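Have a look at the structure below before the remarks.
All values derive from a computational prediction rather than experimental measurement. In each ligand, atom 1 is the first atom listed, and ligand 1 is the first ligand listed. Computed over heavy atoms, backbone and side chain alike; hydrogens, waters and symmetry mates excluded.
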Amino acid sequence: MKIVVTGGLGFIGSHTVVELQNEGYEVVIVDNLSNSSEDVLKGIVAITGKQPIFEKLDLREKAAVQNFFQKHTDISGVIHFAASKAVGESVENPLLYYENNISALVYLLQELQQKPEAHFIFSSSCTVYGQAEKMPITEDASIQTAMSPYGNTKQIGEEIITDVAKVSNINAILLRYFNPIGAHPSAEIGELPIGIPQNLVPFITQTGFGLRNELSVYGDNYPTPDGTCIRDYIHVVDLAKAHVVALQRLLNKKNSDKIEIFNLGTGTGSSVLEVINTFEKVSGKKLPYKIVDRREGDITSAYANTDKANNVLGWKAKSTLEDGLASAWKWEQKIRS
Ligand code: NAD
Ligand code: WQD
């Protein structure tokens, strides 16, 4: 079966391509290389021994999307990762985000709704919950006003897919990721942030390697046990496997609704200081850090209730925070050598 993976050369997409190929699917990657490199293909081939089809195209170009579906008529499913994801950049340039994250989605759905049957998986985010009232967060927690244009594109994206599914043959699964971290254990693929990393784990591994002087911990006066924020850090390989399980659910018509939503997290929250301590343990390095002011827009705590993913989807995260940080550290050392 041929599966389209948009954004398949990116961080989560590339790991998902590996899992799909390992399960025997034929993969067509669509990517415009705006936040990735064609070299990622080499890593995918090194792990799987299989060369995915790669179509370099920009999903913001409607004609290019139409041509793509005219060329590939035998597609069994689409996993849509392609999007811009930098929260701060989205505040500075909202239209870039609305154009990239929304128009690409609309063009894809326009093609898929013409098909007799379509299976669609969407990368959503725990950001839709904002600061949820209750921890751990269940899928029926209320959606909060988005704190950034990026977050808003995920909310709008979910709504667009839901509306279109009602009037078409599209069945979709919306996956709300918590905080993805880590790299493939082979260190053939991993996260490649451009410039100064905004996310905690790549900043830590770069600091551990000596590329950054010290980590700034954004606030230690939150109402948490050690005062630092709590997140649910999920290993990217676990996350990738969840996409294969979700796809199979759609392909086997096991979904109970045209739209289903699942949280993808570990169910365990870790504070920033716990992440630092765990990194020091797995790397054997002392991590220089200082406590600074809170970062605007940060929420205190977010971790997933994973019951629905465990019991309905039939997927469970297996890796620990140690595993995620060890693989991220191995990857950092590999790309700097
Ligand atoms: P990434 O930037 O590594 O991957 C995205 C890929 O999409 C890149 O390879 C990029 O070149 C490609 N792309 C972007 N715009 C495109 C376009 N118009 N046409 C074709 N290709 C395009 O990001 P990621 O971390 O792998 O995230 C994947 C998805 O998961 C995104 O939708 C993101 O919003 C979502 N998500 C990510 C996180 C996270 O923390 N990484 C958390 C929640 C949700
Ligand atoms: C994690 C924790 C920071 C960097 C973001 C997006 C979210 C989702 C995942 C896509 C927080 C602290 C961080 C640093 C620090 N992406 N931190 N020093 O903010 O939970 O979520 O990525 O959907 O939408 O907002 O992730 O990795 O940036 O931060 O102290 O240099 O680490 O305050 O508590 P976040 P993060």
With nothing but distance in play, are any N or O atoms of [X] less than 3.5 Å from an N or O of ligand 1?
{"X": "Phe11", "value": "yes"}
{"X": "Phe81", "value": "yes"}
{"X": "Leu9", "value": "no"}
{"X": "Ser34", "value": "yes"}

Hey, which atoms in ligand 1 end up nearer than 4.0 Å to a heavy atom of [X]?
{"X": "Asp58", "result": "17 (C), 18 (N), 19 (N)"}
{"X": "Ser124", "result": "43 (C), 44 (C)"}
{"X": "Ser123", "result": "29 (C), 30 (O), 32 (O), 35 (C)"}
{"X": "Leu57", "result": "19 (N), 20 (C)"}
{"X": "Ser36", "result": "8 (C), 9 (O), 11 (O)"}
{"X": "Ser125", "result": "43 (C), 44 (C)"}
{"X": "Leu33", "result": "11 (O)"}

Can you tell whether the side chains of [X] and [Y] come within less than 4.0 Å, N to carboxylate O?
{"X": "Lys71", "Y": "Glu55", "result": "yes"}
{"X": "Lys286", "Y": "Glu280", "result": "yes"}
{"X": "Glu158", "Y": "Lys154", "result": "no"}
{"X": "Lys281", "Y": "Glu322", "result": "yes"}
{"X": "Arg249", "Y": "Glu260", "result": "yes"}

For ligand 1, is any non-hydrogen atom under 4.0 Å from [X]'s backbone (N, CA, C, O), its side chain (CB onward), both, or neither?
{"X": "Asn100", "result": "side chain"}
{"X": "Lys154", "result": "side chain"}
{"X": "Ala82", "result": "both"}

Which option out of [options] puts a heavy atom nearest to [atom]?
{"atom": "atom 33 (C) of ligand 1", "options": "Tyr150, Phe122, Tyr177, Tyr97", "answer": "Tyr150"}
{"atom": "atom 16 (C) of ligand 1", "options": "Leu239, Asn32, Leu108", "answer": "Asn32"}
{"atom": "atom 27 (O) of ligand 1", "options": "Ile12, Val65, Asn35, Thr127", "answer": "Ile12"}

- Query: What residue and atom, counting heavy atoms only, is the protein's closest point to atom 8 (C) of ligand 1, and at what distance?
  - Reply: Asp31 OD2, 3.6 Å
- Task: Indicate, with yes or no, if the rings of Tyr177 and His243 have centres closer together than 6.0 Å.
- Result: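 Centroid separation for Tyr177 and His243: below 6.0 Å.
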- Query: Okay, side chain of Asn93, backbone of Glu89: is any donor-acceptor separation there less than 3.5 Å?
  - Reply: no
- Query: Is Lys334 atom NZ crowded by more than 12 heavy atoms from other residues, nucleotides or ligands, each under 6.0 Å away?
  - Reply: yes
- Query: Minimum heavy-atom separation for Leu105 to Phe120, with atom names?
  - Reply: CD1-CZ, 3.7 Å
- Might you list the protein residues in contact with ligand 2, defined as having a heavy atom under 4.0 Å from one of its atoms, sorted by chain and number?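 These residues qualify: Val87, Ser125, Thr127, Tyr150, Asn179, Gln198, Asn199, Leu200, Leu215, Ser216, Val217, Tyr218, Cys229, Arg231, Tyr233, Val272, Arg295, Asp298.
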